[in-house]
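See below for the structure under consideration.
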Amino acid sequence: MKYKLGDFVRFVDEKMEGFVTRIIDEQMIGVTGDDDFEIPVLASKVTYVHGYQPAGTTKNTNTTDEKPIATAEFAQKGVYIGVVTDARANSVVHFHLINETSFQLLATLTTDKQQVFKGEFAGVIAPKSTENIYSAQLADLQVWPKFIFSVLFSTKQNIEPPAPLAIHEKFKAKDFSTTKKNIPLLNQAGWLIRLDEPELVIDAQKLKESFFETPIEKIVVEKPVSEVDLHIEKLRDDYQFLSSSEIMEIQLAHFHKALDAAIVHQLPDITFIHGAGNGTLRNELHKQLGRHKKVQTFMDARKEKFGYGATKVLLK
């Protein structure tokens, strides 16, 4: 199949054009025009319309001309996957590898669909640039393959490169249920997944010692209520004297305490009332819920009661 999702094509026998929004099989594709209707057509009955690039696509014309950077200004962190919808075909999302570091990235993407592996991308991403590496139908998220990202870091400067990245990721609906944010370098709204997160380091000696420590007292975790109000006036009487950062810290601590208690007591779900406001607290809760291993999914809770001011969390 020579076409891929997001390609702009024109029908050979008709005065129609549109975007490839589905790969049906090796001979058939789905093309969606301006009327938003998808038409199945033989791939041999369409042709490329050259000159169109999906929004955010960048081309690296010179990846070997590396300008020297002062060591203090050399950025060593910042490798992301940015997922954005196509500007013309909203049912299609594009995966961009975003390099905010000062390294050149030697990157590959392989998909794994039930042990059938396929190389989707291999190339060099220059410092402070992006590359469109994959496209997919958002509606088909449940049947997306597993993604295997491999990244090597390279520079001609006297700087030790980080260890290579090897990330295996199976995306779920909750990964795309959070609020969109501005994607760096693309300047588009989308979902941002960081690949070079610092690994959790476990101190084996301390872990071993903890098994032999004599418990001083048994900690009793109270069962939380089903609806937890995180408004600061419900948590502290002196809230008028607190700074914004202190308020956020108190709200997040209360959130974690209630969530941990719900998990301990094996509650099926719990609702956090955060208010609408400017969305800062809501976005932070959604960010942390999206990474929590004990969270099955989360959603806006009963809009007729809370509007957009509460989040319902379903636990595993």
Side-chain angles (χ1 to χ4, degrees), residues 1-9 19-20 23 26 29 48-69 74-89 92-113 116-138 144-157 159-171 175 182-188 190-197:
M1 173 57 65
K2 66 178 182 178
Y3 296 108
K4 61 182 183 296
L5 293 176
D7 282 345
F8 192 35
V9 296
F19 295 85
V20 178
I23 306 296
E26 287 299 314
I29 59 176
Y48 280 116
V49 176
H50 295 283
Y52 171 79
Q53 286 186 327
T57 300
T58 60
K59 294 294 182 182
N60 296 326
T61 56
N62 190 347
T63 59
T64 59
D65 185 14
E66 184 178 341
K67 296 180 180 179
I69 301 174
F74 195 97
Q76 301 197 38
K77 290 287 186 180
V79 182
Y80 304 87
I81 294 296
V83 183
V84 298
T85 54
D86 191 281
R88 296 284 298 274
V92 174
V93 291
H94 300 292
F95 289 72
H96 297 265
L97 184 57
I98 298 171
N99 180 15
E100 281 204 301
T101 77
S102 301
F103 290 104
Q104 288 188 8
L105 303 184
L106 287 68
T108 66
L109 168 62
T110 302
T111 53
D112 171 9
K113 194 165 188 177
V116 176
F117 297 92
K118 181 182 179 183
E120 303 286 355
F121 172 84
V124 177
I125 294 86
K128 310 297 182 182
S129 69
T130 74
E131 187 74 29
N132 186 356
I133 62 173
Y134 190 76
S135 300
Q137 272 271 0
L138 187 57
W144 280 3
K146 179 189 291 184
F147 293 80
I148 304 173
F149 302 99
S150 300
V151 179
L152 292 172
F153 299 82
S154 174
T155 180
K156 294 179 180 179
Q157 295 189 220
I159 294 177
E160 182 180 2
L165 300 177
I167 310 295
H168 294 241
E169 187 70 52
K170 178 65 176 175
F171 291 106
D175 296 320
N182 188 60
I183 306 297
L185 300 180
L186 288 178
N187 293 320
Q188 285 182 264
W191 297 277
L192 193 65
I193 300 103
R194 185 163 187 171
L195 297 185
D196 59 347
E197 287 279 12

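None of these values were measured; they are calculated from a predicted model.
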Could you go step by step and tell me if Phe147 and Phe95 meet the ring-ring contact (aromatic ring centres under 6.0 Å, His included) rule?
CA-CA 11 Å; Phe147 293 80; Phe95 289 72; 5.2 Å; yes

For Lys77 and Arg194, run side chain to side chain contact (heavy atoms under 4.5 Å, CB included): C-alpha distance rounded to whole Å, both residues' side-chain angles, the deciding distance at 0.1 Å, then the answer.
CA-CA 10 Å; Lys77 290 287 186 180; Arg194 185 163 187 171; 3.3 Å; yes

So, taking the atom named CG in Leu185 and the one named NZ in Lys128, what distance separates them when rounded to the nearest 0.5 Å?
7.5 Å

Please give me the minimum heavy-atom distance between Gly82 and Ile183, naming the atom from each residue.
CA-CG2, 4.2 Å

Sub-4.5 Å side-chain heavy-atom contact between Val83 and Phe171:
no

Has Gln157 got a side-chain atom pairing as donor or acceptor with Ile69's backbone, closer than 3.5 angstrom?
yes

Side chains of Leu106 and Ser154, heavy atoms from C-beta outward: is any pair under 4.5 Å?
yes

With rounding to the nearest 0.5 Å, note down the distance linking NZ in Lys118 to OG1 in Thr110.
11.0 Å

Taking C-beta and beyond as the side chain, do Ile159 and Phe103 meet within less than 4.5 Å on heavy atoms?
yes

Of the non-hydrogen atoms in Leu138 and Trp144, which two are nearest, and what is the gap between them?
CA-CZ2, 4.0 Å

Going by heavy atoms in the side chains, are Ile81 and Phe149 under 4.5 Å from each other?
yes

To the nearest 0.5 Å, what is the distance between CG on Leu109 and CG on Leu97?
9.0 Å

Value for CD1 (Ile98) from CG (Leu192), rounded to nearest 0.5 Å, stands at 5.5 Å

Test side chain to side chain contact (heavy atoms under 4.5 Å, CB included) on Asn187 and Asn182 and set out the steps.
CA-CA 6 Å; Asn187 293 320; Asn182 188 60; 3.9 Å; yes

How many angstroms lie between atom CG of Leu152 and atom CD of Gln104, to the nearest 0.5 angstrom?
12.0 Å

Heavy-atom closest contact (Asp112 atom, Pro145 atom, distance):
O-CB, 3.5 Å

For Leu105 and Phe153, what are the C-alpha separation, side-chain angles and deciding distance, and is it a side chain to side chain contact (heavy atoms under 4.5 Å, CB included)?
CA-CA 5 Å; Leu105 303 184; Phe153 299 82; 3.5 Å; yes

Residues at least two apart in sequence or cross-chain that pass side chain to side chain donor-acceptor pair (under 3.5 Å) with Glu100, listed by chain then number, are none

For Ile148 against His168, the heavy-atom pair lying closest together:
CG1-ND1, 3.7 Å

Gap separating the CG atom of Asp196 from the OG1 atom of Thr101, nearest 0.5 angstrom:
8.0 Å

Which heavy-atom pair separates Val84 from Leu186 by the least distance, and what is that distance?
CG1-CD1, 4.2 Å

Check His94 against Asn132 and note the closest heavy-atom contact, atom names and distance.
ND1-ND2, 3.6 Å

